[in-house]
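Below: the structure, in structure tokens.
Both counts, for ligands and for their atoms, begin at 1 and track the order of listing. Throughout, numbering of the chain's residues begins at 1 and tracks the sequence. Below, each value reflects all heavy atoms present in this structure, side chains not excepted, and no hydrogens, waters or symmetry copies.
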Amino acid sequence: MIKSWPYPRVAAHRGGGTLAPENTLAGLRTGANLGHTMVEFDARLSVDNVAFLLHDDTVNRTSNGHGAAAYMRYAELATLDAGSWRDARFAGEPMPTLAQVAACCRELGLAANVEIKPCTGRDVETGRIVGAEAARLWENEAQAGTPPLLSSFSCAALEAARDSAPELPRGLLFERVPADWREQTAALECVSLHASHRHLDEALVERIKAAGLFILAYTVNDLERARQLVSWGVDTVCTDRIDLIGPHALDA
Ligand code: G3P
Ligand code: MG
């Protein structure tokens with residue numbers, strides 16, 4: 001388990017933020033082209049248990065397909081165009097598998113925050129499979145000191161990931177940090193707490209840091225706000241505006 005935070009101050013949200021179709025390899029490349037060195041993305045399972053990237057339960061918003069991903073095989077998902085909805089120049093961009101994402105991160109030198117985003121009712125299976133795959137796919141990076149950081153809003157998913165990949169660092173995700181954040185993060189042996197920056201204040205950041213946890217704040221799209229969060233002690237800011245909040249914008 002990590003004792004120091006090996007991740008940069010800025011992480012590109014859903015791959016390339018709003019500059020590219022979310023959760024695609026084109027997104028990873030967009031961030032890397034701007035010099036970014038960390039990326040967050042959302043991983044879930046197809047019906048045939050292939051780990052792949054998609055934020056929503058359905059493919060409707062971010063592809064030319066229709067329906068719930070939980071009932072689709074990956075072979076079918078792979079035929080969908082997950083790029084055109086953002087811009088015609090991304091036409092044909094697929095929803096990548098976690099294995100393709102790991103290879104792309106390696107090629108581009110990107111550290112990864114793998115958000116486990118289970119389809120409804122599949123929390124345990126998703127946590128178990130995504131955790132085990134992340135451990136296998138990022139084995140070299142983990143050995144080199146930059147393991148993939150697993151996170152989830154789902155305690156059940158994160159618990160299953162802990163059991164399948166105990167050596168990988170975990171962060172529990174909240175929108176608003178609940179009163180029992182200490183108990184919840186301790187139960188899952190988390191290294192970090194991930195929260196919406198809208199509900200963070202200086203005193204809360206101080207308490208979380210004093211408990212020995214690292215903090216990732218999302219989704220911060222204003223440079224001054226990002227600087228304020230870092231001045232309070234937030235370790236990494238996850239942003240859609242990878243153009244506005246550059247890779248070194250928050251360096252000391
Ligand atoms: O992991 C931070 C952030 O991605 C959580 O919210 O809905 O964008 O996955 P969401
Ligand atoms: Mg996410």
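- Sorted by chain and number, the protein atoms of type N, O or S within less than 2.8 Å of the Mg ion (ligand 2) are Glu40 OE2, Asp42 OD1, Glu115 OE1.
- Nearest protein heavy-atom contact of atom 9 (O) of ligand 1 is Lys117 NZ, 2.6 Å.
- Counting heavy atoms closer than 4.0 Å to ligand 1, residue His194 contributes nothing at all.
- Side-chain atoms of Thr30 and Asn33 form no donor-acceptor pair, as typed in the model, at a separation below 3.5 Å.
- Short contacts between ligand 1 and Glu40, defined as distances under 4.0 Å to a heavy atom of the residue, involve ligand atoms 1 (O), 2 (C), 3 (C), 4 (O).
- One finds no salt bridge joining Glu76 and Arg73 here, because no Lys/Arg side-chain nitrogen approaches an Asp/Glu carboxylate oxygen to under 4.0 Å.
- Within ligand 1, the atoms closer than 4.0 Å to a non-hydrogen atom of Leu173 are 1 (O), 2 (C), numbered from 1 in the order shown.
- Under 4.0 angstrom from ligand 1, the non-hydrogen atoms of Asp42 all belong to its side chain.
- For the residue pair Asp240 / Thr18, no side-chain donor-acceptor distance below 3.5 Å is found, with atom types taken as modelled.
- Any N or O atom pair closer than 3.5 Å counts here, and Tyr218 shares no such pair with ligand 1.
- For the residue pair Thr236 and Trp5, a side-chain donor N or O sits within less than 3.5 Å of a side-chain acceptor on the partner.
- Remark: Glu189 engages Arg162 in a salt bridge, criterion side-chain N to carboxylate O under 4.0 Å.
- The pair Lys209-Asp235 counts as a salt bridge, with a side-chain nitrogen and a carboxylate oxygen less than 4.0 angstrom apart.
- Looking at atom 5 (C) of ligand 1, its nearest protein heavy atom turns out to be Glu115 OE1, 3.4 Å.
- Counting the atoms of ligand 1 from 1 in the order shown, those under 4.0 Å from a heavy atom of Arg14 are 7 (O), 8 (O), 10 (P).
- Here Thr219 has no heavy atoms under 4.0 Å from ligand 1, in either its backbone or its side chain.
- Taking a cutoff of 4.0 Å between a charged side-chain nitrogen and a carboxylate oxygen, Glu133 and Arg128 do not qualify as a salt bridge.
- Under 3.5 Å, the side chains of Asn23 and Arg44 contain no donor-acceptor pair of N or O atoms.
- Under the rule for a side-chain contact (heavy atoms from CB on, under 4.5 Å), the partners of Ala249 that lie at least two apart in sequence or sit in another chain are Leu223, Ile245.
- Backbone and side-chain nitrogen or oxygen atoms of His13 are examined, and one is located within less than 3.5 angstrom of a nitrogen or oxygen of ligand 1.
- We find that Arg170 and Glu159 are not joined by a salt bridge, their nearest charged nitrogen and carboxylate oxygen being 4.0 Å or further apart.
- Of the protein's heavy atoms, His55 NE2, 2.6 Å lies nearest to atom 7 (O) of ligand 1.
- Using a 3.5 Å distance cut-off with no hydrogens or angles, the side chains of Asn113 and Ser151 do pair a donor with an acceptor.
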